[in-house]
Each structure stands twice: as structure tokens, then as C-alpha cells.
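The structure appears below as C-alpha cells.
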Amino acid sequence: MRIVTWNVNSLRARQERVEEWLAEVQPDVVLMQETKLADDAFPTLAFESMGYSCAHHGQGQWNGVAILSKVGLDDVVANFAGPGDPDPDARIITATCGGVRVSSVYVPNGRSLDDDHYTYKLWWLGRLQAHLDADTSPDQDVIVGGDYNIAPDDRDVHDPKVLVGATHGSEPERQRLAELEAWGLTDVFRTMHDDDRMFSWWDYRGGDFHQGRGMRIDLLMCSKSVVDRVTWTAIDRNARKGKSPSDHAPVMVDLD
DNA sequence: ATGGTTGTTGCACAA
């Protein structure tokens with residue numbers, strides 16, 4: 001079973017490229033972020049014609065997350081489960097696909113360390129823990145995949161200096177990621193690429209992609225029983241090339 | 001210190 005996560009940065013602007021990539025790579029489950037669509041604008045028919053069932057949690061204009069699956073799509077939960085406030089934004093959707101409890105997450109960017117949006121980002125990551133406690137358990141097959149807007153450590157950025165005094169690498173953010181690991185999730189890419197410096201996002205500006213100035217902020221966080229089934233994992237940086245790419249590349253994992 | 005680019009919306013803001 002092939003599972004991927006991809007921040008498409010507007011599905012309306014990316015539909016053609018997304019369909020081409022899906023036809024080429026043939027993932028069974030797709031965790032999509034930043035559709036930037038309202039639910040009634042989601043192109044369900046186009047994906048159904050490619051063999052996917054679809055679940056979308058959108059708000060229009062910004063955010064929006066989806067799950068596409070060829071291996072079943074059951075028990076869909078939009079927004080956070082369990083006690084605690086709901087997210088005012090459309091940033092998480094959860095479903096069971098092929099026996100795996102998958103979530104597509106778009107963690108708030110944070111903007112800067114003194115911004116209210118950074119406080120929201122830290123709240124959001126804590127609220128995700130409460131969601132997981134209510135929705136599932138670490139001894140199940142669980143994948144929480146998406147755009148975390150966090151570089152897990154200094155291997156995950158072209159130059160660690162860009163994280164000094166900035167979001168994406170601050171201690172509180174990395175602490176929240178460590179708490180997800182303590183809950184039972186593992187950044188699956190690092191289990192097979194110990195020293196590789198590969199990125200999943202490059203700013204559109206300044207030729208950053210061609211200069212290699214990126215970060216690895218899109219993660220597939222997997223429970224132990226999932227990690228034990230992994231045969232391959234990679235980031236498709238080819239998807240960042242060419243005409244009208246998303247600023248994110250897809251992250252992929254294959255399970256036995 | 002600023003700018004660089006893209007997407008959505010509307011004459012900015014978010015990333």
C-alpha cells in the first residue's frame with residue numbers, strides 16, 4: 001500500500017498537475033493539504049473517475065484538507081475529535097483507509113515567534129494530542145501525515161541559521177513534535193534516510209529551489225506497527241520542478 | 001534592511 005502526503009497549495013491552481021502525478025505514482029491513499037476550496041467546490045468526480053473515494057474538509061480561500069483512497073474510506077472525522085475546542089480553521093481530517101487510521105493535517109504556519117498565530121500553532125499541536133487520545137491509540141495502525149511547518153532538526157534545513165529566532169525550528173515547536181513521538185509516532189522518512197538532507201518545501205522566491213534552499217517540513221508520522229511494515233519512503237522533488245508547481249513536494253511511503 | 005514569488009481576493013494578506 002502506497003500512502004503519500006502533499007501540500008498542493010490550491011487544488012484549483014494545481015488540478016492538472018495533481019492528476020498527472022497521481023496517474024504516474026499510483027498512490028493508494030493521498031493526504032492532501034491547502035486545497036483552498038469550499039466543500040462544494042471539491043472535484044470529487046474527477047478523483048472518483050481515477051478510482052479514489054474522497055473526503056474533504058474545506059473552508060474556501062484558505063486551508064482545506066482532504067483524503068483520497070483506493071482502499072476504502074470509513075469513519076471520517078472532520079476537525080478535531082474529543083474534548084477541547086474545535087479548530088476554527090479547516091486543518092485536519094481523519095479516516096480509516098485499508099485498515100490504517102490516517103489523518104491529513106495542515107499545522108498552522110506560526111508566522112513569527114511574537115505573532116498570535118505562533119501561539120495558535122502551539123495550541124494546535126497540543127490539541128492534536130487530545131484528538132489522537134480520543135480518536136485512536138498508538139497500538140493501532142496510525143499515520144498522521146501532512147504539512148507540519150516544523151523542521152524536526154537541523155538536518156532538515158539548508159542552513160540552520162534561518163531558523164534562529166524564527167518559527168519552524170523553535171524549541172517549543174520541536175517539543176510538541178517530541179510529544180507526538182512520545183505518544184507513539186515516528187517520522188518515517190528518518191527511519192530510512194539517517195543522514196540525507198532532503199527537503200519537501202522550497203520558497204517560490206529568489207530561486208530557492210534551484211539553489212537548494214529548502215526545508216523538510218512535510219512528515220508522515222507513523223505508529224510502530226506501521227513503521228514495521230515500511231519497505232520504501234522518499235520525497236518526490238521532481239514534482240517541485242516544471243510549470244506551475246506547488247511549493248511543496250509529495251512525501252511517499254510504501255507498506256507491506 | 002529589504003526583497004524575492006505565488007495564490008486568492010479585491011486595491012491586501014498569507015505563505
Side-chain angles (χ1 to χ4, degrees), chain A residues 5-21 30-43 46 56-66 87-93 104-125 128 145-152 156-170 172-174 176-177 198-219 235-251:
Chain A
T5 181
W6 195 8
N7 180 327
V8 297
N9 186 19
S10 171
L11 191 51
R12 211 190 298 276
R14 215 70 60 211
Q15 186 73 27
E16 192 176 330
R17 280 199 64 138
V18 169
E19 288 185 20
E20 282 170 9
W21 188 82
V30 181
L31 309 176
M32 192 182 289
Q33 300 87 40
E34 280 208 89
T35 62
K36 297 186 178 178
L37 295 175
D39 286 334
D40 61 9
F42 190 79
H56 180 243
H57 175 44
Q59 65 183 75
Q61 193 168 6
W62 290 314
N63 310 310
V65 285
D87 186 358
D89 290 349
R91 294 179 179 275
I92 178 169
I93 187 167
S104 174
V105 301
Y106 177 41
V107 177
N109 174 288
R111 296 178 192 163
S112 62
L113 298 182
D114 59 357
D115 197 299
D116 285 346
H117 206 260
Y118 177 72
T119 309
Y120 169 51
K121 182 180 197 173
L122 297 181
W123 170 82
W124 201 97
L125 289 160
L128 177 59
D147 177 0
Y148 278 76
N149 273 311
I150 300 171
D156 299 311
V157 61
H158 64 97
D159 181 352
K161 284 201 282 291
V162 306
L163 297 178
V164 175
T167 60
H168 293 61
S170 70
E173 290 166 77
R174 288 179 171 169
R176 297 302 191 283
L177 207 52
M198 303 182 89
F199 307 133
S200 66
W201 171 83
W202 298 260
D203 199 303
Y204 284 123
R205 296 171 287 189
D208 277 11
F209 178 66
H210 288 106
Q211 297 297 321
R213 291 190 291 260
M215 289 190 212
R216 193 175 67 88
I217 58 176
D218 298 271
L219 311 176
I235 302 174
D236 185 8
R237 74 185 291 284
N238 285 329
R240 180 64 176 77
K241 299 176 180 173
K243 189 177 183 300
S244 298
S246 170
D247 47 353
H248 294 255
V251 183

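A note on names: the letters A, B, ... follow the listed sequences, proteins ahead of strands, and every chain is numbered from 1.
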**Report entry** Whether R240(A) side chain and F209(A) backbone form a donor-acceptor pair below 3.5 Å
**Finding:** no
Query raised in the report: Donor-acceptor pair, S200(A) side chain versus I217(A) backbone, under 3.5 Å?
Result: yes
Requested in this report: Determine the Euclidean distance between corresponding P atoms of dG3(B) and dA12(B); express it in Å to zero decimal places.
Outcome: 16 Å
Query raised in the report: So what does R14(A) touch, heavy atoms closer than 4.0 Å: a base, only the sugar-phosphate, or nothing?
Result: sugar-phosphate
Query raised in the report: Does R174(A) have any salt bridge (charged side-chain N to carboxylate O under 4.0 Å, His left out) partners at least two apart in sequence or in another chain, and if so, which?
Result: D154(A)
Query - Residues in side chain to side chain contact (heavy atoms under 4.5 Å, CB included) contact with H158(A), at least two apart in sequence or another chain - result: V162(A), F199(A), R213(A)
Within the sub-3.5 Å range, which N or O atoms of nucleotides 13-15 of chain B have a protein N or O partner, and how far apart are they?
{"residue": "dA14(B)", "atom": "O5'", "partner": "R111(A)", "partner atom": "NH2", "Å": "3.4"}
{"residue": "dA15(B)", "atom": "OP2", "partner": "R111(A)", "partner atom": "NE", "Å": "2.8"}
{"residue": "dA15(B)", "atom": "OP2", "partner": "R111(A)", "partner atom": "NH2", "Å": "3.4"}

Query raised in the report: Between dA14(B) and dG10(B), how far is it from one P atom to the other, in whole Å?
Result: 13 Å
Query raised in the report: Roughly how many Å is it from CZ in R17(A) to C1' in dG7(B), rounded to a whole number?
Result: 15 Å
Query raised in the report: Want to settle it: does R12(A) or G206(A) sit nearer the 5' end of DNA chain B, counting the closest nucleotide to each?
Result: G206(A)
Requested in this report: In whole angstrom, give me the gap between the P atoms of dT9(B) and dG4(B).
Outcome: 25 Å
Query - Q33(A) side-chain N/O to L31(A) backbone N/O, donor-acceptor pair under 3.5 Å - result: yes
**Report entry** Test item: side-chain donor near acceptor, W124(A) and D87(A), under 3.5 Å
**Finding:** yes
